[in-house]
Colleague: 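One structure coming up, written as structure tokens, with questions to follow.
Quick note: numbers below take in every heavy atom, side chains included, and nothing from hydrogens, waters or symmetry partners. Protein chains get the first letters and strands the later ones, always in sequence-line order, with residue 1 at the start of each.
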Amino acid sequence: MEEQYQPHRIEAAAQAYWEEKQTFRAHEDDPRPKYYCLSMFPYPSGRLHMGHVRNYTIGDVVSRYKRMQGHNVLQPMGWDAFGLPAENAAIERGVAPAAWTRENIAAMREQLQRLGFGYDWQRELATCDPDYYRWEQWLFIRLYQKGLVYRRTAVVNWDPVDQTVLANEQVIDGRGWRSGALVEQREIPQWFLRITDYADELLSGLDALPGWPTQVCNMQRNWIGRSEGVELRFAITGRDEQLTVFTTRPDTLYGVTYMGLAPEHPLSLELAESNPQIAELVAEARTGGTAEADLATREKRGADTGLTAIHPLTGQPIPIWVANFVLMGYGSGAVMAVPAHDQRDWAFARAYGLPIEPVVYPGDGSDLDISEGAFTAPGVLVDSGPFSGMPSERASAAIAERLEAAGQGERRIQFRLRDWGVSRQRYWGAPIPMIHCPHCGIVPVPEAELPVVLPEQVDLSGGGSPLRSMPEFYATTCPQCGAAAERETDTFDTFMESSWYFARFACPDQHQAMLDERADQWTPVHQYIGGVEHAVLHLLYARFFHKVLRDEGLLHSDEPFTRLLTQGMVLKEGVKMSKSKGNTVDPQALVDRFGADTVRLFTMFAAPPEQSLEWSDSGVEGAARFLRRLYALVRDHLAHGDLPADGEPLSTASLDSEQQALRRKVHETIVKASDDIGKRFTFNTAIAAVMELSNALAKAVGEADPVTRRIVREGVEAAVLILAPITPHLSHHLWSALGHTTPVVDAPWPQADEQALARAEVELVVQVNGKLRGHVTLPVGADEATAREAALAEANVQRFIEGKAIKKVVLVPEKLINVVAQ
RNA sequence: GCCGGGAUGGCGGAACUGGUAGACGCGCUCGACUCAAAAUCGAGUGGGCUUCGCCCAUGUGGGUUCGAGUCCCACUCCCGGCACCA
């Protein structure tokens with residue numbers, strides 16, 4: 001071994017070895033159990049950032065650990081290559097999005113390779129490749145024929161100065177990011193996928209995902225937002241039409257004191273023509289961004305229509321208001337307002353002096369106080385006609401039955417989830433394979449003509465999608481009637497590509513079909529790893545696609561990802577690293593300076609994967625220092641000469657107490673690290689345990705006693721094996737230096753020796769009234785009376801129980817004794 | 001606004017099932033080596049005090065318990081998502 005740890009030489013050698021042996025190629029016919037470990041593929045922005053390094057290190061650690069556990073591991077990598085940044089780069093720097101993207105991919109692939117991630121590069125894919133997106137187009141047409149695709153109008157952010165559609169991200173405080181113009185909402189025809197057809201299954205499927213973090217399941221549950229309630233109709237005084245509303249609280253029906261209409265509701269629009277106050281609300285609703293966060297934080301405003309609705313049960317007139325907190329996108333765009341029992345209705349009623357009539361009282365007999373807010377809990381009904389005195393739940397059912405019997409309403413299940421709008425008025429995306437024929441209407445592109453290829457030589461200086469001014473792209477003939485027709489110039493939402501890439505990795509070379517039988521062999525992904533920011537959208541769309549692919553017969557499982565790990569963000573000085581804040585750390589510079597193993601080690605050591613990670617330059621130096629010490633430990637151990645390769649197994653009985661303690665440390669470390677890496681994914685504590693072990697071994701490495709040396713050998717081998725998934729290059733080198741001919745990447749994960757873990761005695765904590773007062777050492781298995789006697793005999797304990805009566809003694813075996821004295 | 005999460009020494013974090021708060025690392029202090037510095041090695045390191053030990057201490061305020069960082073209630077601040085950023 002060289003005197004000094006030279007990470008760059010070691011890393012280059014290890015990477016060359018893996019490349020030569022094609023170590024990470026995954027083969028379907030390998031008899032070992034398959035394990036598919038996937039990290040969310042990156043958007044090729046140009047360079048890796050620390051978030052990528054963290055994500056992919058976690059994935060690589062899991063993959064290499066599973067390999068050592070005897071699995072046939074698939075760990076692929078690809079590129080989520082369509083998206084807005086490429087268009088922005090094109091506008092700002094005059095480079096074509098395709099060229100920019102492909103250069104970025106090349107640069108980032110090189111960076112990933114330098115970090116030593118064990119990917120099967122044979123399966124690499126980029127979503128901007130027509131070989132990839134053609135199958136998305138193919139599927140879209142299948143879904144269109146099946147009725148899962150439809151077209152309707154939906155609102156977009158329109159920048160009236162730049163004459164272009166803006167993404168929500170490009171709308172800042174209601175204004176266009178470049179022009180600064182007040183953004184308007186425009187309705188344009190768009191393509192939708194009927195994800196709501198799968199709402200029930202997407203919801204119930206969450207119960208079958210024990211390997212997902214509960215907070216992600218909760219977020220998806222809330223997003224889908226299943227609610228049971230009643231849809232009922234209110235007649236409008238003097239008019240023919242009725243107002244349809246949905247409520248989850250039919251028990252509060254007698255407390256309705258006004259109706260709320262969305263500004264976009266057809267009735268609001270009609271009234272706006274003659275009522276300037278309503279017109280103002282309608283106009284206001286049409287400016288600013290479409291993002292829900294913008295809408296929900298607007299000041300609550302409203303206007304009286306002068307119309308009244310008729311209460312379906314009492315026949316009383318109820319004023320109808322236009323209210324900007326009522327959203328046209330949910331339900332019917334109208335609500336019945338019960339200010340006494342709904343907080344939003346309460347606030348609006350307060351602001352406009354509308355009556356608040358309580359009809360539900362707390363069931364526990366306490367007083368009802370609605371002076372500071374609504375009472376939203378269930379209770380007992382009052383002032384509710386024949387339903388007075390009923391508890392909320394029974395009243396809800398009874399009122400629903402009454403409405404149904406009278407033909408005034410029906411019980412219904414409502415979802416918050418909306419259908420997925422997949423049209424984007426942008427260039428750098430997969431073309432939507434549809435043709436608009438003046439005679440036949442919408443006609444899908446025939447399968448034989450797929451893919452509809454996105455032209456890559458384009459001019460983006462004009463603003464908006466260049467496809468719209470490229471007849472060579474859009475001009476075509478109708479597949480049905482042969483007349484001149486136009487292609488759809490909208491492209492797909494990039495979430496489309498990322499909704500099925502995990503399955504395509506199983507068979508990226510399949511050119512006759514979207515997927516083949518290999519997709520069923522590898523999926524569902526055993527372990528998926530990515531940022532928590534994807535908890536709802538990406539992960540819900542991917543689940544939806546998986547079910548759609550199943551129903552198309554292309555897959556035969558119900559869920560795409562068996563286990564999910566959501567990693568936290570990488571912060572510096574407490575805030576997210578970002579170019580705009582100028583607080584980024586370039587992983588490449590760190591790899592150049594310290595080597596990949598140090599970067600990987602620090603990233604895994606600094607925090608558990610689900611928490612945010614605070615960046616620390618001196619922490620990285622600490623990681624480098626540890627690797628140098630580990631290197632020196634192995635070097636110094638080997639410098640004392642060879643050990644008999646196959647001596648008698650070490651037996652606990654023949655060891656002195658120091659040797660027993662050291663050997664116990666070795667095996668305790670194996671137990672802890674196996675649990676931490678294999679089950680808990682707390683790589684930071686596994687590393688801390690190896691550091692403790694290495695500190696203990698360093699104290700013993702100078703001893704000449706052959707038995708001690710054998711224990712040290714056992715210990716350094718355990719340390720090298722445990723670290724192999726985290727610092728694979730150094731472990732590769734040290735494992736070979738320790739005389740092994742099989743590479744560490746294929747070595748079996750270490751097993752703890754039960755005998756080495758055994759102890760003769762154990763130290764117990766002694767408390768008096770819950771406060772630590774001393775320690776006693778007892779033989780393992782000592783009975784309660786012995787423990788009690790020893791605890792009470794402890795000098796410091798005596799001081800604290802003197803003159804007091806012992807009320808009881810709590811004993812936690814092998815851990816703690818608490819003397820309760822008074 | 002709605003949904004989800006977080007808060008522990010000077011810093012990152014540990015404490016897994018309610019049972020010794022602060023493992024491990026960083027930083028800092030002192031010492032060794034050195035002409036000196038860096039690197040390296042060794043020792044110490046939550047605050048306070050009357051220091052064989054005691055008191056205080058896990059965002060704030062309450063509660064449950066023999067015992068609470070951990071469970072419950074109410075709050076504060078920070079972070080993620082909110083359907084066209086990916």
Colleague: Output yes when E610(A) and R680(A) qualify as a salt bridge under the 4.0 Å nitrogen-oxygen rule, no when they do not.
Modeller: no
Colleague: Contact class for A293(A) (heavy atom, under 4.0 Å): base, sugar-phosphate, or nothing?
Modeller: base
Colleague: For the pair R788(A) and E794(A), find out whether any cationic side-chain nitrogen is under 4.0 Å from an anionic carboxylate oxygen.
Modeller: no
Colleague: Base, sugar-phosphate alone, or nothing: which one does H775(A) contact when heavy atoms must sit under 4.0 Å apart?
Modeller: base
Colleague: Parallel, tilted or perpendicular, judged at 30° and 60°: which one describes the rings of Y198(A) and F544(A)?
Modeller: perpendicular
Colleague: If you look at every strand shown and take non-hydrogen atoms under 4.0 Å, does V156(A) touch a base, only sugar-phosphate, or nothing?
Modeller: base
Colleague: Checking all strands, does M219(A) fall into the base, sugar-phosphate, or nothing category for heavy-atom contacts under 4.0 angstrom?
Modeller: base
Colleague: By the 4.0 Å heavy-atom rule, please label W420(A) as base, sugar-phosphate, or nothing.
Modeller: nothing
Colleague: Between W500(A), Y501(A), F492(A), which is the residue that forms a ring pair (Phe, Tyr, Trp, His ring centres under 6.0 Å) with Y132(A)?
Modeller: W500(A)
Colleague: Heavy atoms only, 4.0 Å cut-off, all strands: where does Q190(A) land among base, sugar-phosphate and nothing?
Modeller: base
Colleague: Could you check whether R298(A) gets within reach of a base, just the sugar-phosphate, or nothing at all, counting any heavy atom under 4.0 Å?
Modeller: nothing
Colleague: Is the positively charged end of R151(A) above the ring of F192(A), judged by distance under 6.0 angstrom from the centroid and angle within 45° of the axis?
Modeller: no
Colleague: Looking only at side chains, do T164(A) and D159(A) share a donor and an acceptor under 3.5 Å apart?
Modeller: no
Colleague: Between N695(A) and C24(B), is there a side-chain N or O to OP1/OP2 distance below 4.0 Å?
Modeller: no
Colleague: Determine whether the side chains of N818(A) and R773(A) contain a donor N or O and an acceptor N or O closer than 3.5 Å.
Modeller: no
Colleague: How does RNA chain B look in dot-bracket form if you count Watson-Crick and G-U pairs under 3.5 Å, write [ ] for pairs that cross, and put | where a base pairs with another strand?
Modeller: (((((((..(((......[....)))((((((.......))))))((((...))))..(((((..]....))))))))))))....
Colleague: Looking at side-chain heavy atoms only, is the closest gap between F82(A) and D80(A) below 4.5 Å?
Modeller: no
Colleague: Is it the case that more than 12 heavy atoms not belonging to R468(A) sit under 6.0 Å from its CZ atom?
Modeller: no
Colleague: Would you mind reading off the distance between Q220(A) atom CD and C82(B) atom P, rounded to a whole angstrom?
Modeller: 13 Å
Colleague: From CZ of R416(A) over to P of C82(B), roughly how many Å is that when rounded to an integer?
Modeller: 11 Å
Colleague: So what does L84(A) touch, heavy atoms closer than 4.0 Å: a base, only the sugar-phosphate, or nothing?
Modeller: sugar-phosphate
Colleague: Report, as a single string ordered 5' to 3', how protein heavy atoms within less than 4.0 Å touch nucleotides 5-14 of chain B: B base, S sugar-phosphate only, - not at all.
Modeller: S------BSS
Colleague: Should the pair W420(A) and Y541(A) be assigned to parallel (<30°), tilted (30 to 60°) or perpendicular (>60°) ring geometry?
Modeller: parallel
Colleague: Using a 4.0 Å heavy-atom cut-off, write out nucleotides 46-73 of chain B from 5' to 3' as B (base contacted by protein), S (sugar-phosphate only) or - (no contact).
Modeller: -------SSSS---------B-------
Colleague: Once you apply a heavy-atom cut-off of 4.0 Å, does L540(A) come out as touching a base, just sugar-phosphate, or nothing?
Modeller: nothing
Colleague: At under 4.0 Å between heavy atoms, what does M569(A) touch on the DNA or RNA strands: base, sugar-phosphate, or nothing?
Modeller: sugar-phosphate
Colleague: Touch check for V809(A), heavy atoms < 4.0 angstrom, all strands: base, sugar-phosphate only, or nothing?
Modeller: nothing
Colleague: Quick check on G25(B): is either OP1 or OP2 less than 4.0 Å from any side-chain nitrogen or oxygen of R625(A)?
Modeller: no
